[in-house]
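Below you'll find the structure, written out as structure tokens, and then a few comments.
The chains referred to below are lettered A, B, ... by the order of the sequence lines, with proteins before strands, and numbering in each begins at 1.
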There are 2 protein chains.
Amino acid sequence: MSPNLSVAEENYIKSIYHLQQDAESVTTNALADHIKTKPASVTDMLKKLQLKNLLNYNPYKGFRLSKEGNKAALNIIRRHRLWEYFLVNQLQFNWDEVHDVAEQLEHVISRKLVDKLDAFLGYPKFDPHGDPIPDGNGKINYQQQMPLINLPLNTAAIITSVQNQSSDLLAFLSNRDMHIGTKVEVKQKLNFDNSLEVKIKNKQSFHVSEQVANAIQVNPL
Amino acid sequence: MSPNLSVAEENYIKSIYHLQQDAESVTTNALADHIKTKPASVTDMLKKLQLKNLLNYNPYKGFRLSKEGNKAALNIIRRHRLWEYFLVNQLQFNWDEVHDVAEQLEHVISRKLVDKLDAFLGYPKFDPHGDPIPDGNGKINYQQQMPLINLPLNTAAIITSVQNQSSDLLAFLSNRDMHIGTKVEVKQKLNFDNSLEVKIKNKQSFHVSEQVANAIQVNPL
DNA sequence: ATTTATTTTTAGACAAACCTAAAAAAAATT
DNA sequence: AATTTTTTTTAGGTTTGTCTAAAAATAAAT
Ligand SMILES: [Mn+2]
Ligand SMILES: [Mn+2]
Ligand SMILES: [Mn+2]
Ligand SMILES: [Mn+2]
């Protein structure tokens with residue numbers, strides 16, 4: 001069933017999974033970029049993953065995970081997000097400090113460990129950044145959400161997730177009291193740089209760049 | 001200060017640390033045996049560790065960890081034992097199920113993680129097998145203890161630790177209600193195979209081989 | 001439709017960590 | 001003291017995952 005995967009293989013699989021969310025098929029360069037390696041190295045690994053039936057790969061055309069590859073990816077993501085939840089909710093890490101440690105912990109392989117951790121944490125549904133945690137069967141429930149930049153003016157919405165693992169960005173948001181579950185409204189759109197003026201209840205409104213407004217996901221009330 | 005170590009290097013360092021406890025200096029074959037690799041591979045790694053100033057190595061004569069190597073070893077052992085404690089006391093693992101998972105978790109490198117885990121667990125002094133947990137400065141307090149096989153007849157003693165990670169042995173002991181803290185007495189020594197007849201309060205006495213009696217450490221009352 | 005630019009793959013190297021087989025050193029026997 | 005055995009090291013390979021440089025395929029521009 002599930003072949004033993006090296007840390008490198010797991011990292012490739014996880015990256016491909018994320019990249020194929022917003023694209024028909026993934027390209028060699030995009031993956032090389034994402035994983036901070038060279039395209040030649042990617043091509044090598046693609047062949048290995050195809051040989052293990054984890055990938056559907058058409059040379060020069062692109063690739064996607066196979067059914068089995070997807071399952072493997074969801075398992076890795078499950079571990080990553082459960083550990084992030086543990087670090088924040090049990091060990092008192094801040095949400096901007098957990099990603100790098102979780103990048104290591106996700107590669108610890110033990111079905112029993114993951115299941116017991118899940119139970120210990122009370123079967124959480126979302127990680128500290130609002131991302132859904134796949135269950136033991138690889139089932140994942142995506143939330144209904146849209147980027148803050150698409151939210152109409154003066155419409156109340158709840159922050160549901162942040163699609164960026166950068167420690168700097170997360171600390172920036174904490175600093176302005178923007179967390180998962182916080183109610184926000186867009187007061188103004190500035191056309192020259194697509195930035196926003198944003199307001200949180202009982203607080204002075206503040207300014208948010210296009211990049212940040214793209215990363216913040218919300219659900220209108 | 002502390003150079004980045006690969007998983008392989010950490011495993012060598014930890015093994016050398018354990019082997020040098022009961023020997024003046026460690027031999028290539030002993031280490032190869034312990035780490036389940038070939039002597040030629042050990043020699044390769046010894047050179048690398050010496051180059052990193054973690055080892056004092058005299059070709060053909062033997063080797064020991066340097067001061068810095070010792071410090072690295074105690075750090076790895078600290079992580080291993082804290083995770084074992086976590087697995088048993090928080091995740092409800094049995095003491096015979098934790099070693100292999102801890103072998104993986106011990107290689108997750110984050111000072112903050114270890115310190116927060118330690119605090120979360122309440123700064124435990126001993127792991128589930130009775131082994132002392134080094135503190136953040138690498139200080140370790142060995143208990144006063146002796147192998148059960150050396151305990152005089154009809155002398156009550158407390159089990160302080162089990163010097164063997166074998167899942168089978170630990171399950172065998174659990175099965176006979178022998179745990180850390182259990183009070184035992186040796187009723188009889190059988191000279192032909194150095195086995196013992198052992199008694200625990202309110203229980204039928206039972207038989208224990210020389211190997212087991214060597215692994216069980218006790219502290220006479 | 002050519003030419004040019006970009007993307008992707010191939011070819012050949014390298015470091016880490018392992019291996020087997022042979023050589024060298026040390027230890028044990030006679 | 002010489003010989004045999006054991007231990008350790010060296011020499012030369014292999015696998016995994018990376019790299020650079022060159023070749024091939026595809027896409028874009030003229
Ligand atoms: Mn993360
Ligand atoms: Mn996350
Ligand atoms: Mn252990
Ligand atoms: Mn232990």
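With hydrogens and angles ignored, the 3.5 Å screen pairs a side-chain donor or acceptor of B/H129 with a backbone N or O of B/W95. Judged by distance alone, the side chain of A/Q104 and the main-chain N or O of B/I109 form a donor-acceptor pair under 3.5 Å. The backbone N or O of A/D131 lies less than 3.5 Å from no partner atom in the side chain of A/R81, so there is not a single donor-acceptor pair.
Between B/K38 and C/dT20 there is a side-chain polar atom (N or O) within less than 4.0 angstrom of OP1 or OP2.
By the ring pair (Phe, Tyr, Trp, His ring centres under 6.0 Å) test, A/F63 pairs with no residue at all, sequence neighbours left out.
Comment: A/K116 does not engage B/E97 in a salt bridge, judged by the lack of any side-chain N to carboxylate O separation of less than 4.0 angstrom. No salt bridge links A/K52 with A/E68; every basic N to acidic carboxylate O contact stays at or beyond 4.0 Å.
Residue-level contact check: B/F63 touches neither bases nor backbone, having no heavy atom under 4.0 Å from any strand. Nucleic acid contact for B/S41: base, since at least one base atom lies under 4.0 Å from a heavy atom of the residue. At a threshold of 4.0 angstrom between heavy atoms, the contacts of B/P59 are confined to the sugar-phosphate backbone, with no base atom among them.
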Summarise how protein sits on nucleotides 11-16 of chain C as a single string, 5' to 3': B when a protein heavy atom is under 4.0 Å from the base, S for sugar-phosphate-only contact, - for no contact.
-> -----S

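The closest side-chain donor-acceptor pair between B/S25 and B/Q20, if any, does not fall under 3.5 angstrom.
The footprint of chain B on DNA chain D, defined by a heavy-atom cutoff below 4.0 Å, extends from D/dT7 to D/dT10.
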